[in-house]
Each structure stands twice: as C-alpha cells, then as structure tokens.
Amino acid sequence: MGRLGPTEIVLILVVIVLLFGAKKLPDMARSLGKSARILKSEAKAMKSESKDDAAPADPPSDPVVQQRTIQAAPGDVTSSRPVAEPTDTTKR
C-alpha cells in the first residue's frame with residue numbers, strides 16, 4: 001500500500017485531463033510557473049531587505065512624522081486607526 005505503479009499514474013493523468021481539459025492544462029502549468037517565479041523573487045527580496053535592515057545606517061536626527069489613517073477594508077471606518085510614518089522616502 002502506498003506505492004503507485006505505472007497503471008495508477010496513467011489513470012490519475014487521464015482523470016486530470018478529463019477534469020480540466022487538454023486546452024487548460026498548459027495555461028495552468030504556465031501560471032503555476034509564473035507564481036513560483038514571483039514567490040522566489042519576493043523571498044529573495046525579503047532576504048536582501050532583512051540583511052539591509054540588520055546593519056542600519058545612522059538614523060536621521062529629526063525625522064518628520066506624518067499622521068496617516070490605515071483602513072482594514074475599503075469603506076471600513078470602524079477598524080481604522082492613525083499611524084505615524086516618516087515622510088523620508090529614501091529609506092523605502
């Protein structure tokens with residue numbers, strides 16, 4: 001039990017083709033590849049950002065703070081709260 005032979009693999013492939021159709025399978029594989037590439041690049045960017053944040057440069061002596069309101073969902077004012085964020089855009 002637990003081992004798949006060639007007969008079972010062929011049967012599974014036939015069921016997949018019948019469920020999704022032969023025309024949609026290449027598009028699904030293409031979108032899966034794009035998603036994997038995006039995920040990989042985002043993970044790489046997060047790693048590089050964490051390395052940059054680990055050794056920060058000298059912080060500005062007097063950062064300008066601007067109040068902003070962030071909402072949980074468009075039109076949802078019950079969960080909105082003011083947030084202080086620096087206006088210096090060079091650190092982003």
Side-chain angles (χ1 to χ4, degrees):
M1 179 151 200
R3 295 187 181 189
L4 293 177
T7 308
E8 288 86 7
I9 293 174
V10 169
L11 182 63
I12 291 170
L13 291 174
V14 168
V15 169
I16 289 173
V17 169
L18 287 175
L19 284 176
F20 296 107
K23 291 182 180 180
K24 289 186 180 181
L25 288 177
D27 293 335
M28 289 172 51
R30 192 174 301 116
S31 67
L32 183 64
K34 285 181 183 179
S35 299
R37 274 184 258 133
I38 291 170
L39 180 64
K40 184 178 177 181
S41 67
E42 290 296 325
K44 191 175 184 180
M46 287 178 64
K47 283 183 182 178
S48 68
E49 284 180 6
S50 67
K51 287 180 183 178
D52 293 342
D53 292 342
D58 294 331
S61 59
D62 187 26
V64 178
V65 179
Q66 178 181 4
Q67 288 289 333
R68 229 176 71 172
T69 301
I70 297 178
Q71 295 180 346
D76 183 17
V77 293
T78 58
S79 63
S80 63
R81 58 187 168 84
V83 178
E85 291 185 351
T87 58
D88 184 14
T89 58
T90 59
K91 294 235 175 209
R92 292 182 186 195

**Study point:** Contacts of type salt bridge (charged side-chain N to carboxylate O under 4.0 Å, His left out), residue Arg30, not counting sequence neighbours
**Key:**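 So Arg30 forms a salt bridge (charged side-chain N to carboxylate O under 4.0 Å, His left out) with Asp27.
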Practice item. Could you tell me whether a side-chain N or O of Glu8 sits under 3.5 Å from a main-chain N or O of Gly5, the two making a donor and an acceptor? Key: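 Checking the backbone N and O of Gly5 against the side chain of Glu8, a donor-acceptor pair under 3.5 Å is found.
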Single-linkage hydrophobic cluster, 4.5 Å side-chain cutoff, [X] and [Y] together:
X: Leu19; Y: Val17; result: yes
X: Val15; Y: Ile12; result: yes
X: Val10; Y: Leu18; result: yes

